[in-house]
Amino acid sequence: MVTVSMTVNGRQVSKEVEDRRLLVDFLREDLGLTGTHVGCDTSQCGACVVHLDGKAVKSCTMLAAQADGASVKTIEGLADGAELHPLQAAFKEHHGLQCGFCTPGMIMSGADIIARHGSDLDEATVRLELEGNICRCTGYHNIVKAILAAAGEMGGGMKQAAE
Amino acid sequence: MYSLSYRRASSVEEARRLFKEASDAAYLAGGHTLLPAMKQRLAAHDVLVDLGAIADMKGIGVSGDGLTIGGGVTHAEVAGSQEVKGAIPSLAALAGSIGDAQVRHRGTLGGSIANNDPAADYPAAALALAATIRTDGREIAADDFFTALYETALEEGEIVTGVSFRIPETAGYAKFRNPASRYPMAGVFVARHKDGTVRVAVTGAGNEGVFRWSEAEQALSGNFAAEALAGLSVDPDMMMGDIHGSPEYRANLVAVMARRALGSLGSAEAII
Amino acid sequence: MSVEGIGARVARKEDKRFITGQGRYVDDMSVPGMKHAAFVRSPHAHARVGAINAEAARAMPGVVAVLTGAEMAADGIGNLICGWMIHSKDGSPMNMGAWPALASETVRFVGQAVAVVIAETKSQARDAAEAVEVEWEELPAVSDVLGAIAEGAPQIHPEAPGNLIYDWEIGTKDEVEKAFGEAAHVTRMDLTNNRLIPNAMEPRAALARYDAADDHFTLWTTSQNPHTARLVLSAFYNVAPEHKLRVVAPDVGGGFGSKIYIYPEEITCLWAAKKTGVPVKWTGDRSEAFLTDAHGRDHVTVAEMAFDANNRITAFKIDTIANFGAYMSLFSSAVPTYLYATLLSGQYDIPLIHCNVRAVYTNTAPVDAYRGAGRPEATFVVERMMETAARELSVSPAELRRTNFIREFPHQTPVIMLYDAGDYEASLNAALEASDYAGFAARKAEAQRRGRLRGIGISCYIEACGIAPSKAVGSLGAGVGLWESAEVRVNPVGTIEVLTGSHSHGQGHETTFAQLVASRLGVPLDNIAIVHGDTDSVQFGMGTYGSRSGAVGMSAISRAIDKVEAKAKKIAAHLLEASEGDIEIADGEVRVAGTDKKLGWHEVCLAAYTGHNLPDGMEPGLKEGAFYDPANFTFPAGAYVCEVEIDPETGHTDIVQFVAADDFGRIINPMIVEGQVHGGIAQGIGQALLEGCVYDEGGQLITATYNDYAMPRAHDLPSFRVSTTETICPSNPLGIKGCGEAGAIGSPPAVINAITDAIGNNDLSMPATPEKVWRALHAAGGGLREAAE
Ligand SMILES: Cc1cc2nc3c(=O)[nH]c(=O)nc-3n(C[C@H](O)[C@H](O)[C@H](O)COP(=O)(O)OP(=O)(O)OC[C@H]3O[C@@H](n4cnc5c(N)ncnc54)[C@H](O)[C@@H]3O)c2cc1C
Ligand code: FES
Ligand code: FES
């Protein structure tokens with residue numbers, strides 16, 4: 001067993017877990033943050049994407065112990081209180097989700113894409129950048145649209161903030 | 001995943017020691033090869049020694065004709081590095097084309113080199129850029145490093161602390177992705193070095209892993225351009241075959257990607 | 001069109017919980033005392049199960065129990081069944097082999113479960129499952145249909161000699177043969193419809209609890225149809241009687257057919273929960289999904305089409321062999337018969353059709369309905385034939401289709417279906433225009449200058465949806481009726497709950513169903529809640545598949561609203577001292593037409609519940625239910641145009657444009673309908689270009705992870721250009737046809753028609769991988785050089 005401590009959505013947490021505990025299971029089962037999903041066992045689908053120290057990572061492909069001391073943000077921590085993050089709002093407005101299972105990972109990846117590229121995103125870039133996120137419902141059409149819309153709305157400010 | 005013990009090392013020496021103390025340890029770098037295999041119970045280790053906190057394995061630096069990148073540097077860091085883009089743009093391009101954004105945030109140069117997946121990208125760059133693999137005990141020329149599929153010259157417990165790439169006069173990388181896994185089905189790195197030598201390395205296609213395509217190197221020594229490769233092809237008997245591509249098809253891809261790599265010289269965007 | 005009612009582009013009410021991470025999927029649930037299940041699965045495609053030694057496993061940390069098939073059989077748990085009876089042409093019933101949830105004698109596909117371990121944690125359960133020792137006696141296996149029906153093939157079930165489940169036919173063979181004798185032209189093709197793995201992103205899961213005090217079970221499961229699950233679990237599997245079993249399908253992460261069926265894992269969890277006295281949860285991982293979810297498609301077909309001298313089709317004959325895998329899944333038998341052969345007339349006036357279908361066992365995962373189910377297979381056959389015939393006859397593909405379109409409705413096809421309404425020319429015209437079909441030659445020439453081969457392909461599909469009149473499906477062998485139920489519960493304050501037997505796992509029912517109610521009763525969307533997915537709250541229902549929730553599910557709601565409306569009008573007429581016929585309900589008011597006499601909607605509702613002043617003899621309350629049984633199938637149809645560019649050196653295909661023009665009848669929410677089409681097209685393009693399930697000869701699954709099974713990613717696809725034309729469906733009160741499957745049905749032949757057009761070689765199977773395209777190009781010769789020049 002190891003003790004892992006980290007900041008999750010701004011809250012300091014500390015738990016004793018099995019060494020083999022994956023970060024995703026730590027979030028889902030030990031912290032009850034079930035918004036982060038598991039869609040595959042080969043690290044390809046992206047349903048589990050969270051931000052680790054500000055970068056999108058697949059939480060199914062990290063031990064919780066590796067995240068010891070880090071700061072993690074999950075879908076539950078993205079909104080600013082009752083105010084949706086612009087990307088969350090854009091997913092709703094543009095119908096970027098159907099069954100919702102890939103959605104948390106898509107939104108967390110989308111936020112990372114916007115943070116890295118700022119508002120000068122184009123469709124081709126968004127599509128390439130979504131390589132690590134699989135959606136079976138939407139055909140990606142409205143996901144791409146939502147990310148582009150949010151990027152436009154968030155302007156260049158986001159890029160600066162991330163730097 | 002089977003039960004295991006996790007140890008975080010803060011120095012290369014500590015990592016070595018922790019490794020030695022265990023009966024069947026493995027180093028854990030980005031974990032993007034090791035953990036998927038362990039999750040599927042295809043691999044088991046009693047101890048994982050995490051190299052992620054070793055500061056000495058993190059830097060990127062240019063000195064003279066060499067670009068040295070720490071073994072713990074992630075693909076995203078290489079892709080985004082101004083130093084890499086300045087010295088060897090096509091290496092940044094290669095790093096930026098590995099897997100997906102999340103994989104690039106975690107996966108490391110050292111892990112990729114040490115693993116020597118026959119479909120990995122970095123080994124092609126290492127061979128074509130006449131790299132020197134630096135370990136905690138020695139330096140190994142890339143030509144001697146990649147010994148067989150998933151096999152390297154590393155000894156039990158040896159750590160790749162960094163890789164020094166020779167800065168070429170110009171280089172290019174092009175690959176064709178496997179439609180399912182998105183690893184290269186054929187990736188070709190071409191480089192003309194400052195002494196005039198040409199190196200062409202091929203990954204993803206060969207049935208013994210990454211290899212140098214000497215006929216292409218010869219053809220390109222006189223004329224470093226796509227037309228010099230006209231009519232040249234690799235022997236399908238030396239290529240891998242699977243449901244995604246037969247040996248003949250991969251042989252074709254190698255020739256095509258080699259020509260395209262020559263069309264991408266000096267670009268920080270990989271041709272995919 | 002109001003801002004919230006029918007036809008409005010309303011953002012989904014259900015989205016908030018999903019975008020904030022508050023969705024509740026089965027694996028997100030836990031109940032006190034819950035333990036975890038892991039299955040011991042066969043590594044062999046065909047083997048006799050010998051002794052199972054679980055001693056070591058039982059002694060491992062955290063293990064609660066190890067249970068086997070023998071124990072399950074001893075407890076009287078029944079075998080899994082296929083619920084649709086098909087008779088062979090010789091009159092004999094289909095040959096169904098026994099499928100126990102945990103095999104105790106023979107396993108017939110890799111991944112079939114033989115035992116289950118229940119332990120404190122998931123990891124411990126898996127550790128112990130690996131420690132269960134099974135003595136396997138391997139048997140010869142066969143994985144492809146042609147091998148399975150060959151002389152001397154391994155016999156898979158004793159009940160099915162020669163591995164043949166049925167040999168069925170539809171249509172008039174002799175007349176068809178005669179027409180072929182008189183044909184001016186015959187087009188003949190060998191076609192395969194590649195096997196697919198559904199891959200809903202949420203893996204299947206089940207959580208079962210048994211309350212001994214009440215002798216009552218609860219099952220939370222990833223189901224598209226919780227009531228059918230309960231019915232089958234009770235009536236056939238003897239797990240628990242219906243009134244002692246509650247089935248809940250909460251948020252479900254996609255289904256596409258694969259979550260219609262009741263699988264061994266759910267049965268086992270329920271049984272194990274009682275046996276061990278602890279709640280049991282199983283969450284499949286993706287690898288288990290690949291091995292055990294019902295796969296889709298997998299047909300081998302020979303088709304021949306006869307034309308007269310005017311290019312009119314005179315007869316069509318089709319011979320299909322369908323791979324059913326190792327067991328007959330719940331609806332499997334209906335897929336290649338009544339969902340496939342009955343659609344082989346396409347959009348065309350074909351006087352004579354004959355189709356023969358043989359269903360065959362193989363040592364592979366069971367095959368059942370996957371998005372489109374039978375209709376994509378039919379469309380692929382018809383539309384590849386039409387395109388090919390046009391090439392052979394040297395007429396434009398659009399022209400050949402126009403020549404043969406059905407133009408008068410209703411139209412009786414020779415294969416059962418009575419098409420009620422449509423305008424095929426309209427959708428074809430819309431698609432051709434949107435795709436600038438006329439400008440294609442210039443685009444092709446421009447591509448050629450860039451060294452790329454450009455091609456264009458059309459597909460005009462039809463599907464039968466909304467399945468269907470219960471009487472009709474009953475006469476065709478269905479074990480259940482296919483109506484839908486609804487209850488509209490108006491609360492005393494005027495807010496409304498709609499209880500529906502449909503189930504949403506991405507379709508947006510919480511929004512569209514509410515839009516219908518808002519339109520009809522003038523109540524704001526925020527005051528309407530849609531309740532579904534729980535057998536304790538909803539009366540009964542048949543669930544969501546076959547694009548039936550709009551046409552059938554909403555029609556049921558509409559019927560219940562009729563009754564609510566009638567009663568509300570009676571009450572209002574009484575209160576306002578007006579005649580019932582003059583009362584109208586709109587905008588939150590109930591008024592007497594043409595006067596200023598009115599009541600608020602809430603006042604009428606309150607009156608219904610206080611009962612202080614109701615018409616004589618009227619029961620208090622305002623709650624009505626309806627069971628709606630459709631009058632006919634519905635027939636969505638449309639035209640798709642795909643444009644591709646091929647890299648001649650690698651064979652890589654880029655979809656550069658994809659246009660869809662669909663006729664779905666009346667549309668409730670265009671944004672949601674477009675989303676359904678996008679997703680369907682992506683799956684269809686996936687089938688055409690990327691996805692193909694591969695077993696090796698010995699029955700080992702080669703495409704067992706995303707490393708080998710190619711899922712469509714964002715950059716494999718373009719943005720789609722979708723539009724609709726509209727002919728109202730006369731068969732249901734709302735005029736809805738259904739839109740859930742169209743994209744997956746119509747798109748594969750459009751893609752293959754486009755690629756074969758680009759490369760000048762018609763011999764190309766799905767998935768059209770880069771290598772296949774490259775080879776076809778070489779076989780055609782010249783393509784490469786032509787492009788390079
Ligand atoms: C979805 C996905 C897609 C991918 N696509 C690609 C792709 O397109 N191209 C590509 O090249 N790769 C791809 N990868 C692999 C990725 O690049 C890996 O991260 C990389 O190969 C291994 O690096 P790592 O740091 O993750 O190593 P780990 O997984 O941590 O380790 C890999 C192996 O190397 C050993 N090791 C690690 N570091 C060292 C060291 N410094 N010294 C000695 N031994 C060490 C470990 O013990 C282990 O045996 C993909 C991975 C995933 C999950
Ligand atoms: S669950 Fe992490 S990538 Fe699929
Ligand atoms: S919305 Fe269902 S998987 Fe993306």
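Chain naming here is simple, since letters A, B, ... match the order of the sequence lines and numbering starts at 1 in each.
- Contact annotation for C:Met671: both backbone and side-chain heavy atoms come within less than 4.5 Å of a heavy atom of chain A.
- Chain C forms more heavy-atom pairs under 4.5 Å with one residue of A:Cys135, A:Cys137, A:Ala124 than with any other, namely A:Cys137.
- Remark: A:Glu83 CD is loosely packed, at most 12 non-hydrogen atoms of other residues, nucleotides or ligands lying under 6.0 Å away.
- Your options are A:His37, A:Glu93, A:His94, and the one with the most heavy-atom pairs under 4.5 Å with chain C is A:His37.
- From C:Tyr709, atom OH reaches atom OG1 of A:Thr42 across 14.0 Å, with rounding to the nearest 0.5 Å.
- Salt-bridge annotation for A:Arg136 and C:Glu691: present, with a side-chain N of the basic residue lying under 4.0 Å from a carboxylate O of the acidic one.
- For C:Phe720, the parts lying near chain A are the backbone and the side chain together; criterion is any non-hydrogen pair under 4.5 Å.
- When only modelled atom types and interatomic distance are considered, A:Arg21 and C:Thr121 share no side-chain donor-acceptor pair under 3.5 Å.
- Looking at C:Phe290, there are no atoms closer than 4.5 Å to chain A (heavy atoms on both sides), in backbone or side chain.
- Between A:His141 and C:His678, the angle of the ring planes stays under 30°, which puts this pair in the parallel group of the 30/60° scheme.
- To the nearest 0.5 Å, atom SG of residue A:Cys99 and atom NE2 of residue C:His505 are 9.5 Å apart.
- Going from atom CZ of A:Phe91 over to atom OG1 of C:Thr20 covers 13.5 Å, rounded to the nearest 0.5 Å.
- Contact annotation: the side chain of C:Arg713 never approaches that of A:Leu130 to less than 4.5 Å [non-hydrogen atoms, C-beta and beyond].
- Atom CG of residue C:Asp28 and atom OG1 of residue A:Thr36 lie 10.0 Å apart, to the nearest 0.5 angstrom.
- Under the 4.5 Å side-chain criterion, counting only non-hydrogen atoms from C-beta, C:Arg12 is not in contact with A:Lys92.
- With a 4.5 angstrom heavy-atom cutoff, C:Ile681 does not touch chain A via any of its atoms.
- If you measure heavy-atom distances from A:Tyr140 to chain C, the contacts under 4.5 Å come from the side chain alone.
- If you check the side chains of C:Asn707 and A:Gln44, you find a donor sitting under 3.5 Å from an acceptor.
- Atom CG of residue A:Leu78 and atom CD1 of residue C:Ile19 lie 10.0 Å apart, to the nearest 0.5 angstrom.
- In this structure, no portion of C:Glu674 lies under 4.5 Å from any heavy atom of chain A.
- Contact between A:Cys40 and C:Tyr706 at its shortest, heavy atoms only, is CB-CE1, 3.7 Å.
- When the candidates C:Ala200, C:Pro718, C:Gly680 are compared by the number of heavy-atom contacts under 4.5 Å with chain A, C:Pro718 comes out ahead.
- Both the backbone and the side chain of C:Ile672 come within contact range of chain A, with heavy atoms under 4.5 Å apart.
- Ranking C:Gly21, C:Ala714, C:Gly679 against chain A, the residue ahead of the rest is C:Ala714, based on heavy-atom pairs under 4.5 Å.
- Counted by atom type alone, A:Glu123 and C:Ser719 present one or more donor-acceptor pairs between their side chains at under 3.5 Å.
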Discussion item. Quick one, C:Asp27 with A:Arg28, criterion side-chain contact (heavy atoms from CB on, under 4.5 Å). Give me CA distance, side-chain angles, the key distance, then yes/no.
Written reply: CA-CA 10 Å; C:Asp27 189 47; A:Arg28 288 178 56 80; 2.9 Å; yes

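- For C:Gln22, the part lying under 4.5 angstrom from a heavy atom of chain A is the side chain only.
- With rounding to the nearest 0.5 Å, the separation of CZ in C:Arg286 from SG in A:Cys45 is 7.0 Å.
- A donor-acceptor contact under 3.5 angstrom links the side chains of A:Glu131 and C:His715, judged on distance only.
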Worksheet entry | Derivation of the salt bridge (Lys or Arg N to Asp or Glu O under 4.0 Å) call for C:Asp716 and A:Arg127 | CA-CA 8 Å; C:Asp716 295 317; A:Arg127 287 185 179 274; over 6 Å; no

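- Heavy-atom distances place the backbone of A:Val38, and not its side chain, under 4.5 Å from chain C.
- Using a 4.0 Å cut-off between charged side-chain N and carboxylate O, A:Asp25 and C:Lys122 make no salt bridge.
- The minimum heavy-atom distance linking A:Gly139 with C:Ala682 is given by the pair CA-CB, 3.4 Å.
- Formation of a donor-acceptor pair under 3.5 Å by the A:Asp41 side chain with backbone atoms of C:Ser287 is found in this model.
- Heavy atoms of A:Thr138 lying under 4.5 Å from chain C belong exclusively to its backbone.
- In this structure, the side chain of A:Gln98 engages the main chain of C:Gly675 through a donor-acceptor pair within 3.5 Å.
- Of the atoms belonging to C:Asn199, heavy atoms from both backbone and side chain fall under 4.5 Å from chain A.
- In this structure, the side chain of C:Tyr25 engages the main chain of A:Phe101 through a donor-acceptor pair within 3.5 Å.
- With a 4.5 Å cut-off on non-hydrogen atoms, A:Leu84 touches chain C through its side chain but not through its backbone.
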